[in-house]
Amino acid sequence: GAGVSQSPSNKVTEKGKDVELRCDPISGHTALYWYRQSLGQGLEFLIYFQGNSAPDKSGLPSDRFSAERTGGSVSTLTIQRTQQEDSAVYLCASSLAGTGGKTQYFGPGTRLLVL
Amino acid sequence: RKEVEQDPGPFNVPEGATVAFNCTYSNSASQSFFWYRQDCRKEPKLLMSVYSSGNEDGRFTAQLNRASQYISLLIRDSKLSDSATYLCVVKRSQGNLIFGKGTKLSVKP
């Protein structure tokens with residue numbers, strides 16, 4: 001079946017511009033996660049949505065970062081006033097539920113380059 | 001101290017070799033444990049879950065020692081296709097995953 005999809009696959013932007021990254025989770029998955037992976041670094045947790053609960057935003061690095069999940073499905077990660085250090089691969093994952101060890105399935109990521 | 005620590009490698013081994021990766025985690029409240037595999041410029045994919053009783057999947061064996069907060073992965077009879085970065089992953093009670101930086105494995109002919 002269809003996996004997690006993300007768009008765009010690549011994004012080049014200028015410093016100071018806003019960007020929106022999109023994630024379509026696997027159908028029926030109630031939990032959705034955003035991570036980012038900078039060059040040579042491990043994956044860093046950003047934000048987590050579980051059903052209709054308030055999202056866990058504890059991983060967002062600054063108030064320039066925000067995310068929404070509409071209708072319990074598609075999610076958008078927005079980065080305002082992008083900085084060069086925001087350049088990274090942004091990965092979305094989904095799972096059947098947030099707890100209980102359910103497997104998280106990752107999308108292919110969006111490679112963001114801020115010039 | 002990082003919440004999940006791994007030896008970054010690289011581990012360069014010949015085909016057929018047995019190789020072991022280790023990982024330590026600092027949060028004793030961590031709930032679940034996994035090994036993910038990440039190929040170059042690809043997304044991470046679940047390799048296997050890790051249990052205290054130990055679990056095996058073909059040539060791969062994973063082990064968890066909760067008392068020592070230590071996780072291991074053993075790969076027997078290495079194949080060229082095993083070349084990748086292996087990520088030690090710990091799941092927090094809140095649900096999000098904490099990743100180690102990964103151990104790079106290169107299997108040579």
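All chains are named by letter (A, B, ...) in the order of the sequence lines, taking the proteins before the strands, and each is independently numbered beginning at 1.
- Only the side chain of Q38(B) comes within contact range of chain A, with at least one heavy atom under 4.5 Å from a heavy atom of that chain.
- Between D82(B) and R59(B), at least one side-chain nitrogen of the basic residue sits less than 4.0 Å from a carboxylate oxygen of the acidic one, meeting the salt-bridge criterion.
- Y70(B) has its ring centre no less than 6.0 Å from the ring centre of Y25(B).
- Using a 30° and 60° split on the angle between ring planes, Y86(B) and F21(B) fall in the tilted class, from 30° to 60°.
- Both the backbone and the side chain of L43(A) have a heavy atom closer than 4.5 Å to some heavy atom of chain B.
- Checked against a 6.0 Å centroid threshold, the rings of Y35(A) and Y90(A) do not count as neighbours.
- There is no contact between E44(A) and chain B, counting heavy-atom distances below 4.5 Å.
- If you measure heavy-atom distances from L97(B) to chain A, the contacts under 4.5 Å come from both the backbone and the side chain.
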